[in-house]
Protein chains: 2
Amino acid sequence: MGVSLKDVAQRAGVSVKTVSNVVNNYQHVTPGMRARVQQAIDELGYRPNLTARHLRKGRTGIIALAVPEFGNPYFAELAGAVIDAAARHDYTVLVDHTAGLRENELLVSQGFRAHVIDGLILSPIHLETEDLTGRTGAGPLVLLGEREYEAPYDHIAIDNVAAAREAVGHLVALGRRRIAFLGSRTGRERQPAHLRLRGWRQELEAAGLPADDSLVVVTDGYGRADGAHAMAELLDRGAAPDAVFAYNDLIAIGAMRTLAERGLSVPGDVAVVGFDDIEEARYGTVSLTTVSPDKEAIARLAVDSLVAQLKDGAPPSAPRRPRPGHHLAVRESAPAARPGGDR
Amino acid sequence: MGVSLKDVAQRAGVSVKTVSNVVNNYQHVTPGMRARVQQAIDELGYRPNLTARHLRKGRTGIIALAVPEFGNPYFAELAGAVIDAAARHDYTVLVDHTAGLRENELLVSQGFRAHVIDGLILSPIHLETEDLTGRTGAGPLVLLGEREYEAPYDHIAIDNVAAAREAVGHLVALGRRRIAFLGSRTGRERQPAHLRLRGWRQELEAAGLPADDSLVVVTDGYGRADGAHAMAELLDRGAAPDAVFAYNDLIAIGAMRTLAERGLSVPGDVAVVGFDDIEEARYGTVSLTTVSPDKEAIARLAVDSLVAQLKDGAPPSAPRRPRPGHHLAVRESAPAARPGGDR
DNA sequence: CTGAAAGCGCTAACAG
DNA sequence: CTGTTAGCGCTTTCAG
């Protein structure tokens, strides 16, 4: 099938080592020799077999990024950033999705592609701490996202509680009093609560505003449809919110769709704030105010962590939890507060 | 570092062949033997080295999908469909992006990852026929998308001209007379025109409506911002359109944003039709009427083609051009025509 | 049904 | 500066 080093060596009348030297751009090859070998390479159309090289070197130069789903533009945008960051270290990224299933998260975290990938960046949804503690010899791992783990792995995430508080604080400053939270997870979760929900609660309590369950809507997933249903449920429940803080932008967008259908105006009747700052958020008929995590920083920190582990050949002595930046992108769905309030 | 087959064999007191048989679930292994080997595997935490297996078998079970960018949800959604289709054939997908650069498209098409991937599904933007004719021994390739090539490769694409005609025909049936096209490419293109632009022109001419350049806006890219700028340019130009057919949904969404800012109503003043049916199109304040390509079919046909080539060990004798289905998803931005017209 | 040994294509000692 | 050779870990004839 393929043309091998040996074929080239034979053709050029040299040893495989010399060809290897040329292919890898090593020093100490006379120009004449190099030219002769290069010619043989061109004539035969030789292409190095990376698989063999990988086997020999014990590494592949490929890292994997596993996200819940591409359907959420946040992860699509993040994937782009990770690919760029990895390219700067000469790594290729294999992008994978777990469909948000714990089973798949477990599989991928335990080295499903052992020896094909050098390391893994995983954004889990359902994975638990105990799923991670049993992990052995499956290569370097970096975690992403809102979940917290008591496991010895680097974890990259913005300060979700603080970001949520800023978002809710912004709504409070607008004079809103009944601020709902859309997108809590269903009860099976062992986690006490989402960090974003916690931030919502803290900020409301600090402001002396109601933060009870009647203002929280649980959703099945994290998509637009979930947001639309959640908003409908909130209204049907008679909660009469004057603002909504959504777990993410997709839920916020779904909620705005329902508000429009019910004849409620944004931000007039209900102000809306999302989370993620996906590009879509800027282009709705009413642009979305949202928490904007620094995706480039997240990607860079994740890749840097992985690359460092790969170089050291060992996990970090102490797990690191860097905090990439974020800011509130203020747009039309919850505009800047004017002196004297918004209404 | 790792535990190898040999280590397991030693531990279990058998030969490597036997361990290999167990690992690969071969027949003809006595249950007792199998149990003993399995125990050794578990004790040592053995995980097969896929790289070595790949080298030996000459294939990796990985296929690559290269799309212009993840930022466009169409490709993100398509990627998900390809991953699912590939999984049904026990293939893993390495998702890559070309950033829409011809240089990258060329690189990837010529076997950048030779021997790491078994085959490639490529969605090109800038690649030319001559870039493909020089391609040798870089593994099976399947092309996706609107561009047409005179090269011996399978190409999967819906009937873009017919789909565009349906979209424009729908606008005509609504009684619209000045129907613009947003998203033509800049002049460098050697292609005479986009298929979608051609469909727009054909349908308008058939209806006896104007189809001149004053109704066509060229864009730099295919994003929301490009659509917003294009719409602004069209209006500033004094074209006074009563409908817009956009190259894709992102451009349509950007255009609707501009229309809203200018105080024009959709579909009252201007009806809008997009192309791709990304989920986002269903959730705007005004949902988008759009051409909906059957993404599952596209993905399935592409993967099937690749898998067939992989099995035969040869490219198809004659290149195939299957036509996955499509339909017009009629929503609020260009609703169904009512008897007697829409206005 | 199981064992021994060859070799996939490449790189890295080690010689020359 | 270049050639020889031994594996990386696995699968696979070919014997037993």
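Because the structure is predicted, anything quoted here is derived from the model rather than measured. Proteins get letters first, then strands, A, B, ... in listed order; numbering begins at 1 in each.
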[X] has an atom [atom1]; how far is it from atom [atom2] of [N], in whole Å?
{"X": "B/Asn49", "N": "D/dG7", "atom1": "CG", "atom2": "C1'", "answer": "14 Å"}
{"X": "B/Asn21", "N": "D/dT13", "atom1": "CG", "atom2": "P", "answer": "13 Å"}
{"X": "A/Arg47", "N": "C/dG9", "atom1": "CZ", "atom2": "C1'", "answer": "15 Å"}
{"X": "B/Leu55", "N": "C/dA6", "atom1": "CG", "atom2": "P", "answer": "18 Å"}
{"X": "A/Leu5", "N": "C/dG9", "atom1": "CG", "atom2": "C1'", "answer": "7 Å"}
{"X": "B/Asn24", "N": "D/dC10", "atom1": "CG", "atom2": "P", "answer": "10 Å"}
{"X": "A/His54", "N": "C/dG9", "atom1": "NE2", "atom2": "C1'", "answer": "12 Å"}
{"X": "B/Lys57", "N": "C/dG7", "atom1": "NZ", "atom2": "C1'", "answer": "16 Å"}

In terms of the angle between their ring planes, are B/His155 and B/Tyr149 parallel, tilted or perpendicular, with boundaries placed at 30° and 60°?
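Geometry flag for B/Tyr149 against B/His155: tilted rings.
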Is [X] close enough to [N] that one of its side-chain N or O atoms is under 4.0 Å from OP1 or OP2 there?
{"X": "A/Tyr46", "N": "C/dG9", "answer": "no"}
{"X": "A/Ser20", "N": "C/dC10", "answer": "no"}
{"X": "A/Ser4", "N": "C/dC8", "answer": "no"}

Could you tell me whether the side chain of B/Asn21 and the main chain of B/Tyr26 form a donor-acceptor pair under 3.5 Å?
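Checked: no pair found.
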For A/Val14, report the nucleic acid contact type (base, sugar-phosphate, nothing); a contact means any heavy atom under 4.0 Å.
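Since only primed, P, OP1 and OP2 atoms lie under 4.0 Å of A/Val14, the category is sugar-phosphate.
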Please classify the nucleic acid contact of A/Arg56 as base, sugar-phosphate, or nothing, using heavy-atom distances under 4.0 Å.
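It contacts base atoms.
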Using a strict threshold of under 4.0 Å (side-chain N to carboxylate O), is an ion pair present between [Y] and [X]?
{"X": "A/Arg102", "Y": "A/Asp131", "answer": "yes"}
{"X": "A/Arg147", "Y": "A/Glu128", "answer": "yes"}
{"X": "A/Lys295", "Y": "A/Asp276", "answer": "no"}

B/Ser15 or A/Arg53: which one's nearest nucleotide on DNA chain C is closer to the 5' end?
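Result: B/Ser15.
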Can you pull every protein N or O that's under 3.5 Å from an N or O on nucleotides 14-16 of chain C?
none

To the nearest 10 degrees, what angle separates the axes at the start and end of the helix from C/dC1-D/dG16 to C/dG16-D/dC1, five pairs each?
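Between the axes fitted at each end of the helix from C/dC1-D/dG16 to C/dG16-D/dC1 lies an angle of 40°.
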Closest heavy-atom pair and its distance - A/Gly100, A/Ile125
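Closest pair (atom of A/Gly100, atom of A/Ile125, distance): CA-CD1, 4.2 Å.
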Which pair of heavy atoms, one from B/Arg321 and one from B/Pro319, lies closest together, and at what distance?
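Nearest heavy atoms, B/Arg321 then B/Pro319: NH2-CB, 3.8 Å.
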State, yes or no, whether a side-chain contact exists between A/Arg56 and B/Leu55 at a heavy-atom distance under 4.5 Å.
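With C-beta onward as the side chain, the pair stays apart.
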